Structure formats: structure tokens, C-alpha cells
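Presented below is the structure to which this report refers.
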Amino acid sequence: TGLSSLFKAPVQILPTYVTTLLKDPQILKGISLMDGSGLSRNNRLTTSTLARILYTVQSESWFEQFFEAFPTISGLRMKSGTLMN
């Protein structure tokens with residue numbers, strides 16, 4: 001149960017954090033989480049919701065470290081990889 005609780009905790013915590021961060025309980029209509037790994041094909045997040053979250057977290061104390069963790073590709077900081085389906 002240790003590993004499964006690691007995946008369940010974010011599913012319970014993240015919606016509360018996002019609602020508090022954006023001060024908008026309706027924002028949860030744009031989010032559907034099936035696991036805490038972020039890898040499930042069943043996780044859903046609208047582009048509008050993601051943009052609002054990323055814009056808002058720029059003022060968080062940890063944002064600079066988060067931003068610096070992304071690789072630089074062709075002069076841009078971004079997540080590398082492929083999205084399909």
C-alpha cells in the first residue's frame with residue numbers, strides 16, 4: 001500500500017491546491033486526475049486551466065527553481081518529449 005498511497009495522495013491534494021491557488025472552485029471542471037504520477041492517459045487538463053496555473057505560480061517562491069529545472073532547447077526552456085493521442 002505504500003506505493004499506491006504515493007499515487008493516491010496527489011489526486012486528493014492537487015485539486016485542493018489548485019482551487020486555493022486560483023481562488024476559483026469552478027476550475028476543477030477543467031481537471032480530471034486518475035493517478036498522481038502524471039503519466040496516466042486518463043489524466044485530463046484543459047489548456048486554459050494549465051495556462052492559468054502556470055501564470056499564477058510565477059509568483060510562488062519556488063517558481064525559479066521549477067523553471068530552471070526545464071532543459072533549454074533551441075534557446076527556449078521547455079519540457080521535451082512527445083505527446084500522442
Side-chain angles (χ1 to χ4, degrees):
T1 61
L3 186 56
S4 67
S5 65
L6 284 174
F7 290 112
K8 290 179 184 177
V11 173
Q12 296 168 349
I13 296 167
L14 191 59
T16 301
Y17 176 72
V18 169
T19 301
T20 303
L21 179 72
L22 300 179
K23 299 171 181 62
D24 179 4
Q26 295 299 314
I27 199 69
L28 295 182
K29 290 181 179 179
I31 298 174
S32 176
L33 300 174
M34 295 298 149
D35 69 8
S37 73
L39 299 175
S40 172
R41 291 184 180 269
N42 295 321
N43 288 331
R44 299 288 184 257
L45 183 66
T46 65
T47 53
S48 174
T49 300
L50 180 58
R52 286 183 62 193
I53 292 168
L54 291 174
Y55 180 79
T56 304
V57 298
Q58 290 178 76
S59 61
E60 295 291 316
S61 62
W62 48 263
F63 181 77
E64 188 64 32
Q65 289 82 15
F66 171 76
F67 182 74
E68 292 295 324
F70 286 97
T72 302
I73 302 169
S74 300
L76 301 172
R77 291 235 180 241
M78 64 177 158
K79 163 71 177 82
S80 61
T82 302
L83 299 175
M84 295 172 39
N85 300 327

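The structure displayed is predicted, hence computed values, not measured ones. One-based numbering along the sequence shown.
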| Which atom of Val57 lies closest to which atom of Phe63, heavy atoms considered | O-CB, 3.3 Å

| Side-chain (Thr49) to main-chain (Leu45) donor-acceptor, under 3.5 angstrom | no

| remark: Distance col, row Leu21:CG vs Leu14:CG, nearest 0.5 angstrom, shows 10.0 Å

| Does Arg77 use its side chain to pair, donor to acceptor, with the backbone of Phe70 at less than 3.5 Å? | yes

| hydrophobic_cluster_shared for Leu76 and Leu50, side chain cutoff 4.5 Å | no

| Taking a hydrophobic cluster as the set of Ile, Leu, Val, Met, Phe, Trp and Tyr residues connected by side-chain heavy atoms closer than 4.5 Å, whether directly or through intermediates, do Phe66 and Ile13 fall within one such cluster? | no

| query | Do Tyr55 and Phe67 share a hydrophobic cluster, counting only Ile, Leu, Val, Met, Phe, Trp and Tyr and linking them when any side-chain heavy atoms are less than 4.5 Å apart? | reply | no

